Amino acid sequence: MSKKNGIIIGLLVAIVAAALIIFFVTQKDANAPNTDQTANQTPTAQTETESTDQAESQTDVLSGTVAMDISNFSYTKPDITVKKGTTVAWTNQDDMQHDVSHDEEKTGAPQGELLSKGESYSFTFDTVGEFGYHCTPHPYMKGKVTVVE
Ligand code: CO
C-alpha cells in the first residue's frame with residue numbers, strides 16, 4: 001500500500017509539475033502575441049500615414065485641360081501628375097522667349113516652338129510615363145509631367 005501511495009503521490013507531483021509548466025508556457029504564449037501586437041501597431045500606424053499620403057497625391061491627378069503660365073523664368077506648375085489624355089497649355093508671360101522642349105526624345109513627349117509673350121503651346125499627353133522638359137534657351141528652367149492611366 002505504501003508503495004502504491006508513493007506511486008500515486010509521485011504521479012500527483014508529476015501532474016502538478018506538468019500543470020505548472022503548462023501554465024507558465026501558456027502564459028508566455030499568451031504574452032507573446034500581445035508583444036507582437038504592440039510591435040505591429042507602429043508599422044500599422046505608419047502604413048495608415050502612407051496610405052493617407054497616397055490618397056492626398058491621388059487627389060492631385062489633373063485632367064481635362066491644365067493651364068500653366070511660364071513666368072519669371074519658370075514653369076509655374078513644374079511637377080504635375082495628369083490622367084492620360086490630359087492637355088497641358090503653357091502660356092508665356094515673360095518678355096523673354098521660352099519653349100517647352102522634352103528632355104528625352106520618346107513617344108508622347110512634348111516639343112514646342114519658342115513662345116513670345118502671350119503665346120501658348122498645347123500638348124496632349126496620351127502616353128503613360130514621366131516626361132521631363134526644359135526651356136531650350138534656359139536649360140535650368142525645368143518641368144515634369146507624369147502621365148497615369
Ligand atoms: Co526660357
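Heavy-atom basis, side chains included; hydrogens, waters and symmetry copies ignored. First listed ligand is number 1; within each ligand, the first listed atom is number 1. Because the structure is a prediction, the values reported are computed rather than measured.
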Could you tell me if T76 and S71 have a donor-acceptor pair between their side chains, going purely by distance under 3.5 Å? no
Salt-bridge criterion met for D103 and K142 (N-O under 4.0 Å): yes
Spell out the protein N/O/S atoms under 2.8 Å from the Co ion (ligand 1) as residue plus atom name. H98 ND1, C135 SG, H138 ND1, M141 SD
Just how far is it from atom CE of M141 to atom OG of S74, taken to the nearest 0.5 Å? 6.5 Å
Measure the NE2-NZ distance between H98 and K117 for me, rounded to the nearest 0.5 Å. 10.5 Å
I'd like to know if the side chain of D99 reaches the main chain of T136, judged simply by a donor and an acceptor atom lying under 3.5 Å from each other, with no hydrogens or angles considered. yes
Aromatic centroids of Y133 and F131 separated by under 6.0 Å: no
